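Letters A, B, ... are given to chains in the order of the sequence lines, protein chains preceding strands, and every chain is numbered from 1. As the structure is a computational prediction, the values presented were derived from the model and not from experiment.
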There are 2 protein chains.
Amino acid sequence: MATKRELFPLVVVDVAVFTIEQDQLRALLVQRALEPEAKRWALPGGVLKPDIDDSLQAAARRVLRTKVSVDLPHVEEVCTFSGPTRDPRGWSVAVLFYALLPRDKVHALVRSKVEALKWADPTHPISGLAFDHGLQLRSALHAVQSKVEAQTLPLHLLPEKFTLTELQRTCEAILGRPLDKGAFRRRLKNSQELIATDDFVRGAQRPAQLYKASDTFTF
Amino acid sequence: MATKRELFPLVVVDVAVFTIEQDQLRALLVQRALEPEAKRWALPGGVLKPDIDDSLQAAARRVLRTKVSVDLPHVEEVCTFSGPTRDPRGWSVAVLFYALLPRDKVHALVRSKVEALKWADPTHPISGLAFDHGLQLRSALHAVQSKVEAQTLPLHLLPEKFTLTELQRTCEAILGRPLDKGAFRRRLKNSQELIATDDFVRGAQRPAQLYKASDTFTF
DNA sequence: AGAATAGTGTCTGTCAGACAGTATCGC
DNA sequence: GCGATACTGTCTGACAGACACTATTCT
C-alpha cells in the first residue's frame with residue numbers, strides 16, 4: 001500500500017553560511033531541536049513550504065530568517081542531494097545553498113527554534129553532522145573556493161569599506177593558501193571591481209586606504 | 001482549504017542532451033504527448049518517481065531511457081528551477097541536468113511516449129518551448145561552455161577514438177569561437193588527458209593519428 | 001605538381017609569482 | 001631612529017594567440 005511519502009518526496013533546503021572570524025573561514029552549525037536527528041549539529045535547513053515560499057532560494061532565505069534571525073540577500077545554489085535513505089523520514093531532496101555573512105555581523109545572529117549555534121572550521125572535514133551535512137558542507141566549501149579561485153571577490157564577507165590587505169586575508173582564508181601581495185593588488189587595480197574611497201584606516205602603523213565595491217559588482 | 005499540491009511540490013527532472021552534427025552543437029527537443037503543454041517542444045523530462053528512482057540523477061537517466069531509449073552514463077546537474085507558476089500543475093521544482101551524446105550515436109535514439117524528436121541549435125535562443133525550458137536550455141548551454149572553457153575536454157561527444165582536429169572542431173562548436181591549432185595541440189601534448197593510439201584515419205589527404213581518453217580522464 | 005589536411009616551430013604579448021625596494025605612520 | 005604595515009617597481013618564467021612553416025597523403 002503506497003503512502004504519500006512514496007509518491008511525493010520530502011523537499012528541504014539547507015544553507016551553508018560562511019563568515020570570517022580572526023582571519024579564519026567559519027561555517028555556521030545549528031544544534032537541531034526536533035526529530036529527526038534531534039540534538040545533533042547540522043547546517044541550518046528546513047522543509048520547503050510551497051504556501052509561503054516563492055522559490056527554493058526564497059525558502060533558503062526564510063530558513064535563515066527563522067533560525068538565526070538574519071536576512072542575507074546573496075544566497076547561491078550549490079547542488080542537490082537526494083535519495084531514499086539520506087533522511088529517515090523517507091525519499092528526500094535537499095537543495096544546498098551557501099551564503100556569506102559579513103564579518104562585522106557575526107554577532108547579529110540570534111538562535112530560534114534550534115538548541116544552539118556555533119561556528120566551525122570548514123576547511124577540514126567535520127564528522128558527526130546530521131544527515132549528509134558533512135558532505136554538503138564540503139560541497140559548499142568547494143563551491144565558494146572555486147568562485148574565489150575564478151577571480152570573484154568575496155566582498156560579501158567584508159564590511160562596506162575595507163582595506164586591500166583585509167580583502168587579501170579573506171581570500172587567503174577561503175582558499176587556504178597565501179597570495180602574493182603585489183600580484184593581488186595589481187589585479188585589483190586593473191579590474192574595475194573596486195572603488196577607492198577617500199577614507200583611511202588609522203591604526204598603529206601607516207594608514208591603509210579603504211575601498212568599496214563598484215556599483216557594477218555582482219558576486 | 002489546502003490541497004495536497006500546496007503541501008508537496010511537484011518534483012521533475014529535465015535533461016538537456018547535447019550532441020555534435022556536422023560540426024555543429026545540437027540540443028535534443030521532444031514534442032510533448034501529454035498535458036500540460038501537449039504538442040509543444042520541450043526538453044526531455046519527467047516526474048520523479050521515488051518508488052523506482054534512487055536519486056535525482058538516476059531519475060534523469062531513467063527519463064532518457066524511457067523517452068529516447070538511450071542510456072547515458074554521464075549526466076551532470078546544472079541547477080534547479082522552482083516556483084508556484086512555472087508549471088500549471090502547481091508549485092514545482094525542476095532539477096536540470098545535461099548529458100553528452102556521442103556523435104556516432106545520434107541515430108540510435110528512438111522516440112517513445114513523445115510525439116516527435118528533433119535536434120535544435122542551442123547557441124541562439126529558442127522561443128516557444130514548454131514551461132521555462134527556453135531558460136533551462138540557456139543555462140545548460142552555459143554550463144557546458146563553462147566546463148570546456150575551464151579546459152575540460154568534451155570527450156563524451158566523440159567516438160572512442162578520434163583525431164585532434166575532430167576534438168578541436170567539437171570544442172569550437174561548443175564555445176562558438178575558433179581556437180588556435182598550435183595552442184590547442186600544445187596544450188593536449190603537455191596534459192596527460194589523451195593517449196595516442198597506433199591507428200590512423202586514412203582519408204583524402206594526409207592520415208591523422210587517432211587518440212583516446214586516458215584511463216584517468218573524468219569529465 | 002598541386003591541393004588539402006596533419007602536424008611543428010617560433011615570436012610575442014600578457015600575466016602571475018617572487019621579491020626587493022620605498023612610503024608613511026606610531027612610538 | 002626603529003619597527004611595522006602599506007604600497008610600488010622590476011625581473012622572470014609559464015603560457016596562449018598568431019602565424020608561418022614542414023610533412024604526408026590523394027588526385
Is the base of C/dG17 touched by the side chain of A/R187 through a donor-acceptor pair closer than 3.5 angstrom? no

May I have the distance from [X] (atom [atom1]) to [N] (atom [atom2]), rounded to whole angstrom?
X	N	atom1	atom2	result
B/L188	C/dT8	CG	C1'	15 Å
A/R186	C/dT14	CZ	P	13 Å
A/R202	C/dA23	CZ	C1'	14 Å

Anything under 4.0 Å to a heavy atom of chain A counts; send over the first and last such nucleotide of DNA chain D, read 5' to 3'. D/dA4 to D/dT10

So, do A/F219 and A/H156 have ring centers that fall under 6.0 Å from each other? yes

What contact category does A/Q151 fall into here, base, sugar-phosphate, or nothing, at under 4.0 angstrom with non-hydrogen atoms? sugar-phosphate

How would you label the contact of A/Q168 with the nucleic acid (heavy atoms, under 4.0 Å): base, sugar-phosphate, or nothing? nothing

Does B/T216 form a side chain to side chain donor-acceptor pair (under 3.5 Å) with B/S214? I'd like the steps, not just the answer. CA-CA 5 Å; B/T216 65; B/S214 109; 2.9 Å; yes

Contacts of type salt bridge (charged side-chain N to carboxylate O under 4.0 Å, His left out), residue [X], not counting sequence neighbours:
X	value
A/R32	none
B/R40	B/E37
A/K212	none

Which atom pairs, donor and acceptor, lie under 3.5 Å between side-chain atoms of residues 102-112 of chain A and protein residues at least two apart or in another chain?
unit_1, atom_1, unit_2, atom_2, d
A/R111, NH1, A/V114, O, 2.9
A/S112, OG, A/T66, O, 3.0

Please list each protein N or O that sits under 3.5 Å from an N or O in nucleotides 5-7 of chain C, with the distance.
unit_1, atom_1, unit_2, atom_2, d
C/dA6, OP2, B/T165, OG1, 3.2
C/dA6, N3, B/R206, NH1, 2.9
C/dG7, OP1, B/Q209, N, 2.9
C/dG7, OP2, B/R185, NH2, 2.6
C/dG7, O5', B/R185, NH2, 3.1
C/dG7, N7, B/K181, NZ, 2.8
C/dG7, O6, B/K181, NZ, 3.1

Audit row: A/I20, A/L158, side-chain contact (heavy atoms from CB on, under 4.5 Å) steps and yes/no: CA-CA 8 Å; A/I20 297 286; A/L158 296 165; over 6 Å; no

Go through A/V93 and A/L48 one step at a time and tell me if the side-chain contact (heavy atoms from CB on, under 4.5 Å) criterion holds. CA-CA 10 Å; A/V93 176; A/L48 173 70; over 6 Å; no

